[in-house]
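The structure's right below; bear with me while I get my questions together.
Both ligands and their constituent atoms are indexed starting at 1 by order of listing.
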Amino acid sequence: MLKAISIINSGGIVAFPTETVYGLGADATNESACSKIYKLKSRPNNNPIIVHVASVEEARKIGEFNELAEILASKLWPGPITLVVKYKESSGICKNVRAGLGTIGLRIPANEIALQLIRQTGKAIAAPSANISNYVSPTEAKHVLEAFGSEVHVLDGGKSTYGLESTIIDVSTARPRLLRFGFITPESISKLIDMDIEIASNSEIIAPGMMKKHYSPHVKLRMNATSLKVGEIGLGFGEIDIGELNLSKDGDLVEAASNIYSMIRILDNNAKKEGFHTIAVAPVPNISIGLAINDKLSRASV
Ligand code: TXA
Ligand code: MG
């Protein structure tokens, strides 16, 4: 941890665990540090980065918290949800992190190592997922190593608890809009704020992370497969056990979410080695966390 703190404080980059996926972090007020993140990930400059803080008080210094934001922050933070709020010029968060937008994505991660890093550096930490842009997100320290090798110092926190990126909700206006599906479902948010939530469609993209094609393995991916075709390697779910790996033999969506990225990585590597062209994934029910799982799968299958 001491090394990680000193790297962040001197404008470097550290990968760290969160409860969702591993992040590639830098001091959010240091423009050159943050530009290194874009370079390392090959991330387009117009894709803003989520800023991680350790308290709601810190978050309020960076963004305008209206009533909706206050409710969601108090009920769901620390936790796997990012709130997009209006940005406060006075906070000094770099322009490149915001991609020049008037809003900012903020979250308090529910992971002790992440929180310690933020608290002990005294910095807000800008961190996208620690993968090369467009590849599958990392849920273990070794995934980060595979992508960046010794270029990046990694804090190892074991396997991510949830294994899917945070839910993103835009509460910068009076009408809340879901920008990315995640572990926290639109229904549960809707209940908390006693309001309907609009789901942003792909045709009104305001950030590249919401683009149709995203999170792809190197080989193709086919969803809702009930059997394997020639050239396919299978990933089962529940009773539809079409491969060596199964997202959850019990048909448990929480377990499936925590396995999806690491299993896709394994199958992607095996497919390359063994000459398969497609990963075929068994149907996952489109309810609750299954919404997020299917959203990721559909982006990977474009
Ligand atoms: O779970 C997570 O959110 C992980 C961990 C590390 O916290 N981070 C993550 O970051 O998934 P990234 O960069 O892979 O995805 C961030 C998404 C992108 O789709 C980006 O476009 C969107 O958040 N985003 C960030 N700021 C935004 C803003 N002001 N308005 C709209 N979308 C924003
Ligand atoms: Mg990402």
Quiz item: Which residue from I168, V21, T18 reaches closest to atom 4 (C) of ligand 1 through any of its heavy atoms?
Solution: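 Of the listed residues, V21 has the closest heavy atom.
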Self-check item: Distance filter under 4.0 Å to E165 heavy atoms, resulting ligand 1 atoms
Solution: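 Answer for ligand 1: 1 (O), 11 (O).
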Quiz item: How does P48 reach ligand 1, by side chain, by backbone, by both or by neither, if only non-hydrogen atoms under 4.0 Å count?
Solution: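 Within the 4.0 Å criterion, P48 contacts ligand 1 through backbone and side-chain atoms alike.
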Quiz item: How far does OG of S188 sit from NZ of K75, to the nearest 0.5 angstrom?
Solution: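 Reported to 0.5 Å precision, the distance equals 12.5 Å.
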Quiz prompt | Spacing of OG1 belonging to T139 relative to CD belonging to E165, to within rounding of 0.5 Å | solution =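 Reported to 0.5 Å precision, the distance equals 10.0 Å.
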Self-check item: Sub-3.5 Å N/O-N/O distance, R180 and ligand 1
Solution: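 Yes: some nitrogen or oxygen of R180 is under 3.5 Å from one in ligand 1.
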Exercise. Check whether the ring centres of Y135 and H218 lie less than 6.0 Å apart, and answer yes or no.
Key: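 Ring-ring flag for Y135/H218: true, centres closer than 6.0 Å.
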Exercise. Select the closest option to atom 10 (O) of ligand 1 among A126, S129, P109, judged by heavy-atom distance.
Key: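 The option holding the nearest heavy atom is S129.
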Exercise. With heavy atoms of H52 as the reference, note each atom of ligand 1 found under 4.0 Å away.
Key: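 Counting atoms of ligand 1 from 1, those under 4.0 Å from H52 are 5 (C), 6 (C), 7 (O).
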Quiz item: Between I104 and ligand 1, which part of the residue brings a heavy atom under 4.0 Å of the ligand: side chain, backbone, both or neither?
Solution: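 For I104, the contact with ligand 1 is made by the backbone alone.
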Quiz prompt | From N111, I50, I169 - option closest to atom 16 (C) of ligand 1 by heavy atom | solution =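 When every heavy atom of N111, I50, I169 is considered, I50 comes closest to atom 16 (C) of ligand 1.
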Quiz prompt | Side chain to side chain, L40 and I13, heavy atoms closer than 4.5 Å | solution =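 Yes, their side chains come closer than 4.5 Å.
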Practice problem: Find all atoms of ligand 1 within a distance of less than 4.0 Å from any non-hydrogen atom belonging to T103, and give their numbers and elements. | Solution: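 Listed by number with element: 28 (C), 29 (N), 30 (N).
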Exercise. Starting at CD of E232, measure out to OG of S227 and round the result to the nearest 0.5 Å.
Key: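 It is 8.0 Å, given to the nearest 0.5 Å.
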Quiz item: Any N/O/S of S129 under 2.8 Å from the Mg ion (ligand 2)?
Solution: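 Yes.
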Practice problem: Between N47 and ligand 1, find which residue part has any heavy-atom pair under 4.0 Å and reply side chain, backbone, both or neither. | Solution: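 Side chain only.
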Self-check item: Proximal ligand 1 atoms for T20, defined as those under 4.0 Å from one of its heavy atoms
Solution: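 In order of number, 1 (O), 2 (C), 4 (C), 5 (C).
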Quiz item: Quick one: do the K39 and N45 side chains pair a donor with an acceptor below 3.5 Å?
Solution: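 Short answer, no.
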Quiz item: Thinking salt bridges, do E70 and R60 make one under a 4.0 Å N-O criterion?
Solution: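 Answer for the salt bridge query: yes.
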Quiz item: Between K95 and E31, is there a side-chain N and carboxylate O pair less than 4.0 Å apart?
Solution: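 Here K95 does not pair with E31 in a salt bridge, since their nearest N and O are not under 4.0 Å apart.
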Self-check item: Flag, side chain of R98 to backbone of P48, donor-acceptor distance under 3.5 Å
Solution: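 No; judged by distance alone, with no hydrogens or angles, the pair does not exist.
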Quiz prompt | Option whose closest heavy atom lies nearest to atom 3 (O) of ligand 1, chosen from A99, S166, P80, S160 | solution =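 The residue whose heavy atom sits nearest atom 3 (O) of ligand 1 is S166.
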Quiz item: Quick one: do the T20 and R107 side chains pair a donor with an acceptor below 3.5 Å?
Solution: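 T20 vs R107: donor-acceptor pair found between side chains.
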Quiz item: By number and element, which atoms of ligand 1 are closer than 4.0 Å to a non-hydrogen atom of G23?
Solution: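 What qualifies from ligand 1 is 6 (C).
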Quiz item: Who's closest to atom 8 (N) of ligand 1 heavy-atom-wise, of P17, G102, A127?
Solution: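 Minimum heavy-atom distance to atom 8 (N) of ligand 1 goes to A127.
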Exercise. Measure R107 to ligand 1 on non-hydrogen atoms and call it side chain, backbone, both or neither using the 4.0 Å cut-off.
Key: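 The answer is the side chain of R107.
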